[in-house]
Participant: 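Encoded as C-alpha cells, here's the structure I'll be asking about.
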2 protein chains.
Amino acid sequence: MFSLSEENYLKAIFHLERKYQAGVSTNALSEEMDTKASSVTDMVKKLSEKKLVKYKKYQGVKLSEKGRNAAVEVIRKHRLWEVFLVEKLNFNWDEVHEIAEQLEHIKSEKLTRELDRFLEHPSRDPHGDPIPDAEGNFSVSNKLLLSELEKGQEGICVGVKDSSSDFLRYLDKNKISLGKSILVKDKEPFDESMLVEIDGEKLRISNTISANLYIKI
Amino acid sequence: MFSLSEENYLKAIFHLERKYQAGVSTNALSEEMDTKASSVTDMVKKLSEKKLVKYKKYQGVKLSEKGRNAAVEVIRKHRLWEVFLVEKLNFNWDEVHEIAEQLEHIKSEKLTRELDRFLEHPSRDPHGDPIPDAEGNFSVSNKLLLSELEKGQEGICVGVKDSSSDFLRYLDKNKISLGKSILVKDKEPFDESMLVEIDGEKLRISNTISANLYIKI
DNA sequence: TCCTATTTTTAGTCTTATCTAAATTTAATT
DNA sequence: AATTAAATTTAGATAAGACTAAAAATAGGA
Ligand SMILES: [Mn+2]
Ligand SMILES: [Mn+2]
Ligand SMILES: [Mn+2]
Ligand SMILES: [Mn+2]
C-alpha cells in the first residue's frame, strides 16, 4: 500500500501532531525524520497528492483521516512487535525499538491480527505506550510526569517519555520498572531534583529523569 | 549490510546453483527474480564488486564464500519465520511464504538467534525444507520424489518441491500432510499417474502431483 | 512599515534498482 | 567456416528518495 518511507513520514507527522497539537512544520518533520527540509517538502507533496495529508505551502501539514489511519496502523504494529520481542524473545526494553522500526513495515493484516491474539491483546507496549486496537482506538490514561508530583505524593510508574537506551538502562540500573510504586520523599526547589523511594530504597534523581517518567496516581 | 534487492539476488543464485549445479546464467536469474536480463547484469556486476559472487562476462555467476553465507542467512531467517507463522500464529502452510519474503530481510542477529530458541531450534520449515543452523549448516536427507517410487513401495511424506498455494491446498484437500505414510498401490505406465493409499484411503494422483512430493523410505 | 533572520520551497544532482532498445558475444546449424 | 539464433551486455531513460545550493516566503523586531 504505502512505501516504507511514506509510512515513516506518516508516523512522524502523527507523533508531532500529538506533541504540538498544530500543523506540523517542515523543519520539525525534517528533524524528526533526520532528513533535510527539502526532502520533507518533496515527500509532503507526494503524501498530499495521495490525500494522506492536508498541505498548503508554507503552512505545514496535517494528517487526513486516511493518513491518520495509516499512521496508527504502523504504530500498532510497532508496539505489538515490541511486546513480542520482550515477552517472547527475551529482549530487554531498551533493545526493541530499532527492530520494531523494521518490523512495523511488514505488510499482512492477518499477521498483525494473529500477533495481537498470540500476545493476548496487550494494551501497552514495554515502554507503557498504548497499543491501538484493530480499529485504531487508543486507550487514554491520565498519566502525569513524575516531575509534576510534589513532596509526599506517591504513584505508580506507568511509562517513559524518552525511550532511549541510555535512559532505559539508567532505569534498569536503579531498579525502576513499570508497575513500581514511587514516593516523593523530597523535592529540591533549586534544581528540581527529587529524593524518591522505590521498594523501600531511597534514590536521588535529577529533573531530567523525573521529567521523563510517567506516573499514575 | 546488504540491501533487500541484493539479498534476494543472492538467495536466487543460491537456489539456482543447487538446482543446476553450475554457474547461474543471466536468463535463469532474470526468470527467478522476475526481472529483465539487463537488470540482472547490472546487479551481478555490483555483487561482483562487493565480492559476493564470482562473475565473468557471458559466463554466469557463482556465489563466493561470503555470498553463500549471506544467502544462507536469509534462507535461515525465511524458514524460521515460516515455522513461527505456522506454529505460533495459526497460519496455514500455504499462506506463509509471502510474509516470510518480507520478514527474511529484518536485520538483527539477536532476533534470529532468539526466534530460533523460541521455536526450539526447528530443523525443517513447514514445507519440509531444512533450516540451516547459525553456522550455515544444512541437515541433508536422502529424500526422493514420490514419482520415483514403484508399485508396492511405501514411504513417509517429508516435503514439497513446489510450494505454491495451489499445490499445498490440493494436498490439504486430499489430507496429505508431512509425516503421513504413502503406499503406491499402482502406477500407470502411460501417464505416470499413481494410485496411492494414505490413512487407508485410496487416491489417484497425476505425475504433476507425485513429482512434487518428497518421500523418505 | 521596512529589514533581516528564519523557514520553506525550488532547481538541479545523485544513487539504487529498474526498464527498453540496440549492440555484442556465444552457441547451434548448416 | 559461415550464418543464424539465442543469450548477454551496453547505452540511455525513468522513478523514488535523498542531497546541496539558491530563491522565495514568512515572521519578528526596529
Ligand atoms: Mn519504539
Ligand atoms: Mn515503545
Ligand atoms: Mn518460503
Ligand atoms: Mn518454506
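Order of the sequence lines sets the chain letters (A, B, ...), proteins ahead of strands, with each chain counted from 1. Since the structure is predicted, the reported quantities are computational estimates derived from the model, not experimental observations.
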Participant: With respect to the side chain of A:Tyr55, which nucleotide from D:dT10, C:dT10, C:dT9 is positioned closest?
Facilitator: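 Shortest atom-to-atom distance from the side chain points to C:dT9.
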
Participant: Looking only at side-chain N and O atoms, does B:Lys45 come under 4.0 Å of OP1 or OP2 in D:dT10?
Facilitator: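 For D:dT10, OP1/OP2 do have a side-chain N/O of B:Lys45 under 4.0 Å.
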
Participant: Let me know the distance between CE of A:Met43 and C1' of D:dA15, rounded to the nearest Å.
Facilitator: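 Atom-to-atom, A:Met43 to D:dA15, this comes out as 12 Å.
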
Participant: Would you kindly give the NZ-to-C1' distance between B:Lys50 and C:dT16, to the nearest whole Å?
Facilitator: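 One finds 10 Å between C1' of C:dT16 and NZ of B:Lys50, rounded.
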
Participant: Within the 3.5 Å criterion, strictly below it, is a donor on B:Asp125 or B:His78 matched to an acceptor on the partner's side chain?
Facilitator: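 Short answer, no.
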
Participant: Ignoring hydrogens and angles, does a donor from either the side chain of B:Ser5 or the base of C:dT16 sit under 3.5 Å from an acceptor on the other?
Facilitator: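 Counting by modelled atom types and ignoring angles, no donor-acceptor contact under 3.5 Å is found here.
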
Participant: Does B:Lys50 make a cation-pi contact with B:Phe2 (under 6.0 Å, within 45 degrees of the axis)?
Facilitator: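 Checked: cation-pi criterion not met.
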
Participant: Pick from A:Asp129, A:Asp133, A:Asp116: which one makes a salt bridge (Lys or Arg N to Asp or Glu O under 4.0 Å) with A:Arg76?
Facilitator: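 Result: among A:Asp129, A:Asp133, A:Asp116, A:Asp116 is the only option passing the salt bridge (Lys or Arg N to Asp or Glu O under 4.0 Å) with A:Arg76.
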
Participant: Please report the distance, rounded to the nearest Å, between CD in A:Gln59 and P in C:dT9.
Facilitator: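 Answer to the nearest Å: 9 Å.
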
Participant: Is any side-chain N or O of A:Lys57 closer than 4.0 Å to OP1 or OP2 of C:dT7?
Facilitator: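 It does not, given that no N or O in the side chain of A:Lys57 lies less than 4.0 Å from OP1 or OP2 of C:dT7.
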
Participant: Should B:Tyr9 be listed as having a side-chain N or O under 4.0 Å from OP1 or OP2 of C:dT18?
Facilitator: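 Answer is yes, contact under 4.0 Å.
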
Participant: Between C:dT10, D:dC19, D:dT9, which nucleotide gets closest to the side-chain atoms of A:Thr41?
Facilitator: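 The listed nucleotide nearest to A:Thr41's side chain is C:dT10.
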
Participant: What integer distance in Å separates A:Asn27:CG from C:dT7:C1'?
Facilitator: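 My rounded result for the distance is 6 Å.
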
Participant: Under 4.0 Å from OP1 or OP2 of D:dA21: is there any side-chain N or O of A:Lys36 that close?
Facilitator: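 No, because none of the side-chain N or O atoms of A:Lys36 sits under 4.0 Å from OP1 or OP2 of D:dA21.
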
Participant: Report the relative orientation of the aromatic rings in B:Trp81 and A:Phe84; use parallel for angles under 30°, tilted for 30 to 60°, perpendicular for over 60°.
Facilitator: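 Tilted, since the angle between the ring planes falls between 30° and 60°.
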
Participant: Short question: side chain of B:Ser64, backbone of B:Lys51 - any donor-acceptor pair under 3.5 Å?
Facilitator: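 Indeed, once roles are kept as given, a pair shorter than 3.5 Å links the two residues.
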
Participant: Expressed as a whole number of angstroms, how long is the span from B:Tyr20:OH to D:dA7:P?
Facilitator: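 Roughly 13 Å, once rounded to whole Å.
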
Participant: Can you tell me which nucleotide in C:dT24, D:dA18, C:dT9 comes closest to the side chain of B:Tyr58?
Facilitator: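 Comparing C:dT24, D:dA18, C:dT9 against the side chain of B:Tyr58, the answer is C:dT24.
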
Participant: At under 4.0 Å, does any side-chain N or O of B:Ser39 touch on OP1 or OP2 of C:dT18?
Facilitator: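 So the side-chain polar atoms of B:Ser39 never come under 4.0 Å of the phosphate oxygens OP1 or OP2 of C:dT18.
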
Participant: Measure from CG on B:Leu29 to C1' on D:dT8 and round the result to the nearest Å.
Facilitator: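 B:Leu29 atom CG is separated from D:dT8 atom C1' by 13 Å.
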
Participant: Could you give the CG-to-P distance, from B:Asp42 to C:dT15, as a whole number of Å?
Facilitator: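 Distance, rounded to whole Å: 15 Å.
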
Participant: Is any N or O donor-acceptor pair between the side chain of A:Ser38 and the base of D:dT20 shorter than 3.5 Å?
Facilitator: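 Under the 3.5 Å cut-off, the side chain and the base do form a donor-acceptor pair.
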
Participant: What is the distance from CD of B:Glu49 to P of C:dT15, rounded to the nearest Å?
Facilitator: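 It is 13 Å, rounded to the nearest whole Å.
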
